[in-house]
Amino acid sequence: MQETKSKWHMPSAFTILFILIILVAILTWIIPAGEYATTKAGNIIAGTYRSRSSSPQGLWDIFEAPINGMVGTDSTDGAISVSLFILVIGGFLGVVNKTKTLDDGIGSAVTKYAGREKILIPFLMTLFAIGGSTFGMGEETIAFVPILIPVMLSVGYDTLTAISISLIGSQIGCMASTINPFATGVASETIHISPGAGMVPRLIFFVCTVIISIVYVMHYAAKVKKNPDQSLVFERHQKDLEEFVKNNDGEEDVAKSLSGKQKAVLIAFILTFVVMIVSLIPWSSLNSNWTMFDNFNKWLVKVPFLGALIGKDILPLGDWYFVEITTLLFIASIIVMFIFHMSEANYIDAFMNGMKDLLDVAIIVAVARGIQVVMNNGYITATVLHAGEVGLHGLSSAVFIILTYIFYIPMSFLIPSSSGLAAATMGIMGPIGKFSGVAGSLVVTAYQSASGFVNLITPTSAIVMGSLAIGHVNIVTWLNYMWKLLAILFIFTCVFLAVATMF
């Protein structure tokens, strides 16, 4: 009788976060309790730390923490607004995906630019990067790998090139998130700042990292096309041609042209995210003369009948937060339904299925917020912050932000959920950054840069492992291909973050 060997599996994000809740609860019995004086806005005042009576957290507190993480307590804001936003964006994407607009749109682009590969690579990588930066495009990119591989092989490239277009493109976008709700949104909400704060440096970071990645992939692709034996997967080249190219002979084109309704849906999809970006940028804070949206809003609500019809409580673009952008996405999903002439039953089904796809992410945010609940209720948050205040005394802003970035790299391996990591740690890292004079928005940038960096290679990622499995590429080969790009991105990110502290 043979013994069955059990294979060890990486615990889920839920298990890891709940273990952290338990560990933090234990720490409330060990770490001295303390508190800071705060401003009326709730911001802590440096140098005002004082000890107080302890409040150790017990078993009931541990199991109650995720629930309180969702609904909130007197000392900790609930994650309900973020979780609901995540569910609604899932519903919106579900409705858009029901129309096949994104799939057919990218597939159509692949067909249109086939044979003009020098244009195809940067064009598609930029599209995937925009998707990652704005709505956290991830697992859905796996579907494009079998479409891209035949095209890349037919023009003299290899499977690594095809995988790079969607995988690197989308995850570089996540690394350089602008308004990605699962990274920028959750992290910003945790430290009570607008997701639009720091938008300008993030856009610069996005452009630079996308250019670096495109150049890297195109350099490798050109080398493979000139000398096929330079391919890191050259030993599979003939098998790949037989499987991905020859098997497609005579088959129906994988890509379809966009219909008129799909083109209208695509326009609505793009405009939704444009409005979201514009609505989250604090225009008047950036420049006191940029009051165009405030002035327009004041005029609009005073228009007879029209103002009342639209709603006099609507906020001007630039002042929106989670409630407003959640409402925007809900309205956008209904607009898509009408544009595509979708039945009420199909719309509800698509919306609910989209929400279902992101339900785990929405709950992870609440569970992660439970860590902060236990720390705050146990009054050890201030003590940890005080240790950071003392330890970071005299440390320059540049050194602090680089150390923050480095800190988040192993943390991203430990907690692979970007939203879970943000909710679990930003409540501490944001305030600590203030002690070194680092803006909260830059701490958010450091966190999401590290998270996206890890997402390019981690074997716990469905995006990485799924894409590699389709192309028959093992993780060791992928790491061998990626290490130079990772080194370049690491150095560039450190330099960028350090320079950003000067402005």
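Please read all numbers here as calculations on a predicted model, not as lab measurements.
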Closest non-hydrogen atom pair between [X] and [Y], with its separation:
X: Ser81; Y: Glu189; result: OG-OE2, 4.0 Å
X: Ser213; Y: Leu489; result: OG-CD2, 4.5 Å
X: Pro201; Y: Phe496; result: O-CZ, 3.1 Å
X: Pro228; Y: Phe234; result: O-CD1, 3.1 Å
X: Ala362; Y: Ile86; result: N-CG2, 4.1 Å
X: Phe492; Y: Cys208; result: CZ-CB, 3.3 Å

Side chain [X], main chain [Y], donor-acceptor under 3.5 Å:
X: Ser133; Y: Ala129; answer: no
X: Ser177; Y: Asn180; answer: no
X: Ser170; Y: Leu167; answer: yes
X: Gln448; Y: Ala176; answer: no
X: Ser279; Y: Leu317; answer: no
X: Ser188; Y: Gly185; answer: no
X: Asn346; Y: Met342; answer: no
X: Asn227; Y: Gln230; answer: no

Checking [Y] against [X]: is there a side-chain donor and acceptor pair closer than 3.5 Å?
X: Arg202; Y: Thr445; value: yes
X: Thr477; Y: Asn480; value: no
X: Ser164; Y: Tyr220; value: no

Quick check with a 6.0 Å cut-off and a 45 degree axis cone: is Lys225 positioned over the face of Tyr157's six-membered ring?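 Judged by the rule (NZ or CZ under 6.0 Å from the ring centre, within 45° of its axis), Lys225 counts as positioned above Tyr157.
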Could you check whether any side-chain heavy atom of [X] comes within less than 4.5 Å of a side-chain heavy atom of [Y], counting everything from C-beta outward?
X: Met429; Y: Tyr447; result: no
X: Ile168; Y: Phe128; result: no
X: Leu359; Y: Leu87; result: yes
X: Thr159; Y: Arg236; result: no
X: Val323; Y: Phe85; result: no
X: Val464; Y: Ile457; result: no
X: Asp229; Y: His237; result: no
X: Met218; Y: Val215; result: no

Should Tyr405 and Phe490 be marked as a ring pair (Phe, Tyr, Trp, His ring centres under 6.0 Å) after you check the CA-CA gap, both sets of side-chain angles, and the distance that decides it? CA-CA 9 Å; Tyr405 172 61; Phe490 178 82; 5.6 Å; yes
Which label fits Phe330 and Phe351: parallel for a plane angle under 30°, tilted from 30 to 60°, or perpendicular past 60°?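 Perpendicular: the ring planes of Phe330 and Phe351 meet at over 60°.
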Could you measure the distance from the [atom1] atom of [X] to the [atom2] atom of [Y]? Nearest 0.5 Å is fine.
X: Ile165; Y: Thr126; atom1: CD1; atom2: OG1; value: 11.0 Å
X: Ile267; Y: Thr272; atom1: CD1; atom2: OG1; value: 11.5 Å
X: Leu329; Y: Ile334; atom1: CG; atom2: CD1; value: 11.5 Å
X: Leu17; Y: Ile363; atom1: CG; atom2: CD1; value: 12.5 Å
X: Ser449; Y: Ile172; atom1: OG; atom2: CD1; value: 9.5 Å
X: Leu486; Y: Leu479; atom1: CG; atom2: CG; value: 8.0 Å

Crowding at NZ, Lys261 (>12 non-hydrogen neighbours, <6.0 Å):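 Enclosed.
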Is the number of heavy atoms from other residues, nucleotides or ligands under 6.0 Å of Met292 CE greater than 12?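 It does: Met292 CE has more than 12 such atoms within range.
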Using the rule given for side chain to side chain contact (heavy atoms under 4.5 Å, CB included), can you reason through Thr15 versus Ile19, listing the C-alpha separation, both sets of side-chain angles and the distance that settles it, and then say yes or no? CA-CA 6 Å; Thr15 302; Ile19 290 172; 3.9 Å; yes
Take Thr493 and Phe205 through the side chain to side chain contact (heavy atoms under 4.5 Å, CB included) test and state the conclusion after the steps. CA-CA 8 Å; Thr493 302; Phe205 185 66; 3.6 Å; yes
Going by ring pair (Phe, Tyr, Trp, His ring centres under 6.0 Å), name the residues that satisfy it together with Trp478, two or more places apart in sequence or in a different chain.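 Ring pair (Phe, Tyr, Trp, His ring centres under 6.0 Å) list for Trp478, sorted by chain: Tyr481.
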With side chain to side chain contact (heavy atoms under 4.5 Å, CB included) as the test, would you mind laying out the steps for Asp349 and Lys98 before giving the verdict? CA-CA 10 Å; Asp349 183 64; Lys98 184 77 172 179; 4.2 Å; yes
Chi angles and distances behind the side chain to side chain contact (heavy atoms under 4.5 Å, CB included) call for Phe269, Val336: CA-CA 8 Å; Phe269 179 82; Val336 169; over 6 Å; no
